[in-house]
Amino acid sequence: MLQSRAMPNSLQLFPRTARVNAHNHLEIGGRDVVALAREFGTPLYIFDEAHLVTRAHEIRDAFRARDPNARILYATKAYFSPYLARLYKDAGLGLDVTSEGELEIARRVDFPRDQIYLHGNNKTPAEIRAALALGVQHIIVDNLDEIELLARIAAEMRATPRVLLRLAPNIDPHTHRYLATGVAESKFGLSISTGDALQAARRVAAHAPRLQLVGLHVHIGSQIFDLAPYRDAIRAVAEFAGHVRETIGVELRELDLGGGWGVAYTEEQATLNVQDIVNEIYTALQELQITNYELLFEPGRALIAQAAVALYTVGAVKEISGVRTYVSVDGGMGDNVRPALYGARYTARIANKMNEPPAYTVAIAGRYCEQGDILIKGVELPRVAPGDLLIIPVAGAYHIPMASNYNLIPRPAVIAVREGNARVIRRRETVEDMLECESVE
Ligand SMILES: Cc1ncc(COP(=O)(O)O)c(C=O)c1O
């Protein structure tokens, strides 16, 4: 089945500085990717730094133009590293973090503590302690059990964290079921309809002044292209805030509306326009007469996905007569699990044959020992030979942070390119790195 059509001259899914040079090669950040493959090896993840920075500014400025107090938190789960932490700190964004590892990166770049929000549906005592020790002020509480744990650790550490409650408002965001996080059966958040959310508000308020109940959070899912569910979420959150005001007497001022803004991975899709998101959200707030709130947003993918490409070397090309042709690459589900996990769709090009017209439809097979390790079920490409370089755009989000060492294969290198310079932001893993944790006894 034809899954995506790579239009020979379209670079719409590629990072902003991408172009085709006189050698018919793809160039990003002023660097020929064929030369980058030679220098750094493959699989290789290439980030376009100019794209990362301009996209962060674009999103930040679109919201600030409408609401100077709006805050954009980068959802670090999309991909985090010291390089990105510095870049987003310089861009004036905050962070939504979920683990000690992510907190440690924030610490290393001295990220402003009041701009860090701790998430997680099963935070460990160690994570809560690490966050409070670092000086993180905002904790997003996911469940009833977490409240007592947080109160106990906060008392131990003489901290007074500001608490937002993560709500499960029972809204269907029309996305893959693994990406729908605000529906009734979601493992995330406190259900409004069962009464858990109100009970949580009561319990947190009872811990005042140790715990300060300041706001609400909702993240209805990822890869959302229809803005109507955001409107429903705003209504649900505002109604619940009103309920808390009336029954508990606490005024909740911080509303965190999560992320999930849809991003195009193939030419048939269109990335949500930031200005449309701003308009939809603030019009909904106006219509619902919701004022006096401090608004927060947590985009991950929308900030970073289109800033990177994944570059692979083609190995075996297997034609199964009358069935399909498999083009095998030197990566796969170990560096990009999304096709196997969600049925995510991608497109691809041959980086050293950019202007050659498509010749046939092939499947892109990964190198891992799973039949499900197919990066693309069907894509039109020029005739491919071993040694060619296959490039997959929209590789910046949820690839490297979800990468594994399946089959004991080291994870790829990550580089950033800008104005003709390339630098390693994550070196290629080695077999030695992978075996470091193993005991030989
Ligand atoms: C709580 C929360 N906020 C924000 C995000 C970011 O989502 P996206 O990358 O789709 O914008 C996620 C993603 O899982 C999330 O769980």
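Just so you know, ligand 1 is whichever comes first in the structure, and atom 1 is the first atom listed for that ligand. Counting begins at 1 with the first residue of the sequence.
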Worksheet item: Heavy atom of Tyr398 under 4.0 Å from ligand 1?
Response: yes
Worksheet item: Regarding Arg338 and the six-membered ring of Tyr265, is the cationic atom NZ or CZ under 6.0 Å from the ring centre and inside 45° of its axis?
Response: yes
Discussion item. Could you tell me, atom by atom, which parts of ligand 1 come under 4.0 Å of a heavy atom of Glu298?
Written reply: 1 (C), 2 (C), 3 (N), 4 (C), 5 (C), 6 (C)
Worksheet entry | Gly300, any N or O under 3.5 Å of ligand 1 N or O | yes
Fill in: SB check Arg253 Glu294 (cutoff 4.0 Å)
no
Response to the item:
So for Ala78 against ligand 1, with non-hydrogen atoms under 4.0 Å, the contacting part is neither
Practice prompt. Mind checking whether Asp96 contacts ligand 1 via backbone (N, CA, C, O), side chain (CB onward), both or neither, at a 4.0 Å heavy-atom cut-off?
Written response: side chain
Worksheet entry | Side chain, backbone, both or neither: His219 near ligand 1, heavy atoms under 4.0 Å | side chain
Worksheet item: Hey, does Ala302 sit under 4.0 Å from ligand 1 if you only count heavy atoms?
Response: no
Worksheet, complete the sentence: Correct closest heavy-atom pair for Cys369 and Tyr406 would be O-OH, 3.0 Å
Discussion item. Quick check against the 3.5 Å criterion: does Arg113 have a side-chain atom that pairs as donor or acceptor with the backbone of Leu134?
Written reply: yes
Worksheet item: Can an N or O of Ser222 be found at a distance shorter than 3.5 Å from an N or O of ligand 1?
Response: yes
Worksheet item: With a 4.0 Å cut-off on heavy atoms, is Ala397 touching ligand 1?
Response: no
Practice prompt. Using a strict cut-off of 4.0 Å, indicate which atoms of ligand 1 neighbour a heavy atom of Ala75.
Written response: 4 (C), 5 (C), 6 (C)
Worksheet item: What's the shortest heavy-atom distance between Phe297 and Leu295, and which atoms?
Response: CE1-CB, 3.9 Å
Worksheet, complete the sentence: Correct closest heavy-atom pair for Ala78 and Arg301 would be CB-N, 4.1 Å
Discussion item. Give the atom numbers and elements of ligand 1 that come within less than 4.0 Å of a heavy atom of Pro299.
Written reply: 11 (O)
Worksheet item: For ligand 1, which atoms have a heavy atom of Arg166 less than 4.0 angstrom away?
Response: 1 (C)
Worksheet entry | Taking every non-hydrogen atom, the tightest pair across Val314 and Leu390 | CG2-CB, 4.2 Å
Discussion item. Taking Arg108 first and then Glu104, would you say they form a salt bridge - that is, a charged N and a carboxylate O separated by under 4.0 Å?
Written reply: yes
